[in-house]
Amino acid sequence: MSLILILEQVLNGLQFGVMLFLMAAGLTLVFGVMGLINLAHGALYMVGAFAAAAVAGWTGSFVLALMASLAAAAAAGALVEVTVIRRLYDRDHLDQVLATFALILIFSEGTRWLFGSFPLFLDVPSYLSGPVTLPGGIQYPLYRLAIIVIGLVVGAGLFWLIARTRIGVQIRAGEADREMIAALGVDISKLYTLVFALGAALAGLAGALVGAIQSVQVGMGEPVLILAFVVIVIGGIGSIKGALVGALLVGLTDTLGGVFLPRLFALMMEPASAASFGASLASMLIYILMAAVLLVRPSGLFGGSA
Amino acid sequence: MALLLVPLMAWKMDEPFLITLATKVTILALAGVGLNIALGLGGLVSLGHAAFFGIGGYAMGILASHAQNYEPLFSWPFLFEGSNQMPLIWLVAVLASAAAALVIGALSLRTSGVYFIMITLAFGQMLYYFTISWSAYGGEDGLSIWVRNEMPGVNTLDPIQFFAVTFVILCLTLWFAARVAQSAFGLALSAARQSEERVETVGLAPFKLRLIAFVISGAITGLAGALFADLNRFVSPTMLSWHTSGEIMIFVILGGVGRLYGPVVGAAVYILLEHLLGGISEYWQIFLGLLLLGMVLFARGGLIGALLGREVAHD
């Protein structure tokens with residue numbers, strides 16, 4: 001267990017956390033502004049990944065593929081918002097859960113129908129593949145480093161958007177008092193569509209970026225969706241800052257736990273059972289983290305009022 | 001009633017497949033009846049009931065696999081070799097899922113609304129990943145039991161007799177659920193759903209009421225899980241996946257939230273749709289999704305509500 005290994009795993013955890021942040025940011029915005037729980041967010045992640053894989057297949061350009069993922073997910077998000085989601089804002093959470101669960105079924109089976117059940121592959125472009133040597137002599141895949149950078153840049157852009165622009169002011173006002181900003185002449189339904197499409201685009205981008213590391217397949221969004229839920233529960237629903245902190249916490253905990261817990265147990269017990277016990281515990285670690293956070297702060301780290 | 005007629009006719013006509021289908025409906029309805037106590041009566045939108053369904057399933061799988069392989073499950077404080085007796089398995093399934101519901105409920109009920117939905121979902125996923133990595137009992141591949149478990153006085157291998165067992169359990173549970181709904185506890189629980197402050201004002205603790213409802217609900221769903229595992233003679237982590245939670249919830253909603261027979265109607269319609277649409281198109285879940293979407297947007301109160309033309313008073 002060398003220092004290099006630890007640093008490498010910390011970077012992996014960061015990369016995972018940054019991806020989770022892109023997912024969780026959309027979820028938490030949509031909940032904070034519209035009060036909607038959106039299970040179909042993972043479907044938009046999948047749409048982004050499939051759009052990227054398809055465009056990369058036709059054109060061979062990774063940049064175009066990323067742009068396609070943003071556009072396709074935003075378009076799908078806007079379409080869904082206008083046709084279905086809009087009717088759900090004043091319904092109770094049960095209706096929202098069911099309707100968005102129905103959307104998952106439609107998106108997943110629709111994608112399976114269009115692309116088939118076999119996973120697609122999205123290649124890392126040549127200029128981003130291969131390792132890079134970081135200060136201190138660590139060899140790390142350039143692509144993963146690029147993901148961290150892209151994620152941080154997008155995250156910074158999001159903070160700027162929310163804190164410094166007119167739209168950001170409207171979004172924050174929408175969180176605070178819906179009726180008031182409608183009364184002040186802001187077109188609230190357009191704002192809602194915009195927020196939903198923005199969240200969808202971020203999810204789509206995350207899907208495309210991860211799609212190049214893993215395979216692009218139907219149902220790929222759901223494990224990530226549930227982790228994103230854990231993230232925003234830990235961070236506090238509606239808080240972008242909470243989503244960032246929660247995402248990094250979950251990303252680091254999951255990655256480091258998965259690597260180091262089995263090794264830690266190997267110091268105490270025989271290797272075979274240590275490996276299986278450590279792996280089981282590691283897979284539950286983030287949920288234990290979530291339970292612990294909730295015991296101390298039931299509305300999350302940065303949650304004001306739920 | 002139709003649920004009883006169909007398998008009886010199928011038995012006469014010697015169509016074991018139909019009997020199995022009806023048994024599946026009965027068992028899934030039982031899971032729905034369990035969820036309905038938390039969801040309909042208590043207003044607790046739990047998206048983690050697959051956990052209890054799966055715990056029930058694994059209770060059966062673990063007990064029966066030890067009995068089948070003649071490996072003692074534990075030898076202290078007494079030698080226990082597992083079991084293939086259904087009543088014992090049911091007892092273990094109910095106790096195990098009730099204990100899990102107690103822990104999960106005690107943690108999740110500290111929150112409400114969206115947090116509750118997400119946390120129950122997250123706990124469900126936690127157990128799901130745990131069973132996947134639990135290699136002692138099959139891990140991702142699940143666990144097969146060669147012979148259906150036994151019950152004194154009944155030949156469980158005969159489809160119609162196994163159906164009868166599940167049907168009797170469903171009827172007893174429905175009777176129990178009706179009693180709970182009309183009991184002082186059920187009324188207080190309903191009141192806590194409608195107005196938490198008022199219930200507190202009269203000196204009742206909503207948290208305690210909800211926790212009890214959650215435990216009862218989890219225990220019934222766990223029993224359904226044990227039966228489901230016995231029907232398939234197979235348990236796997238799929239039983240704990242959140243799709244299962246979603247499906248159980250769909251049974252309840254499809255039939256009508258808070259209605260006694262809602263889950264029974266819902267499960268029957270769902271399995272019928274799965275069977276019919278599945279025959280037409282490989283992508284039948286698209287139609288299911290559209291149907292469900294239409295239900296949520298336009299027909300609140302579920303099928304029974306739509307047929308009777310009036311909504312049940314929820315919230």
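Quick note on labels: first sequence line is chain A, next is B, and so on, each numbered from 1.
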Could you walk me through whether A/Glu222 and B/His243 pass the side chain to side chain contact (heavy atoms under 4.5 Å, CB included) test, one step at a time? CA-CA 10 Å; A/Glu222 289 162 15; B/His243 272 270; 3.1 Å; yes

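- When all heavy atoms are compared, the tightest approach of B/Leu39 to A/Leu94 is CD1-CD1, 3.9 Å.
- From A/Thr83, atom OG1 reaches atom CG of B/Leu297 across 9.0 Å, with rounding to the nearest 0.5 Å.
- B/Leu292 contributes atom CG, which lies 8.0 Å from atom CZ of A/Phe101 (distance to the nearest 0.5 angstrom).
- What you find for A/Val230 and B/Ala122 is that their closest heavy atoms are CG2-CB, 3.9 Å.
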Determine whether A/Arg91 and B/Val296 satisfy the following criterion, side chain to side chain contact (heavy atoms under 4.5 Å, CB included), listing intermediate values before the conclusion. CA-CA 10 Å; A/Arg91 296 290 189 81; B/Val296 175; 4.1 Å; yes

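- Nearest heavy-atom pair across A/Ile104 and B/Trp242 is CD1-CH2, 3.5 Å.
- Between atom CG of residue B/Leu121 and atom CG of residue A/Leu225 there is a gap of 7.5 Å, rounded to the nearest 0.5 Å.
- With a 4.5 angstrom heavy-atom cutoff, B/Ile132 does not touch chain A via any of its atoms.
- One finds the CZ atom of B/Arg110 at 10.5 Å from the OG atom of A/Ser299 (value rounded to the nearest 0.5 Å).
- B/Leu290 touches chain A through backbone and side chain together, each having a heavy atom under 4.5 Å away.
- In the displayed structure, B/Glu140 atom CD is contacted under 6.0 Å by at most 12 heavy atoms of other residues, nucleotides or ligands.
- Between chain A and the options B/Thr131, B/Leu288, B/Ile119, the largest number of non-hydrogen pairs under 4.5 Å is found for B/Ile119.
- Rounding to the nearest 0.5 Å places CD1 of A/Ile37 at 7.5 Å from CG of B/Leu47.
- Smallest separation of non-hydrogen atoms from B/Tyr129 and A/Pro223: OH-CB, 3.6 Å.
- Both the backbone and the side chain of B/Leu293 have a heavy atom closer than 4.5 Å to some heavy atom of chain A.
- Only the side chain of A/Ile226 comes within less than 4.5 Å of a heavy atom of chain B; its backbone N, CA, C and O stay farther away.
- Of all non-hydrogen atoms in B/Met118 and A/Ile232, the two that sit nearest each other are CE-CD1, 3.8 Å.
- Closest approach of A/Gly300 and B/Tyr115 over heavy atoms only: N-OH, 4.4 Å.
- With respect to chain B, the highest number of heavy-atom pairs below 4.5 Å among A/Met284, A/Gln96, A/Arg87 belongs to A/Met284.
- To the nearest 0.5 Å, the span separating OG1 on B/Thr111 from CZ on A/Arg297 amounts to 14.5 Å.
- Only the side chain of A/Leu88 has a heavy atom closer than 4.5 Å to any heavy atom of chain B.
- Aromatic ring centres of B/Phe116 and A/His93: separated by at least 6.0 Å.
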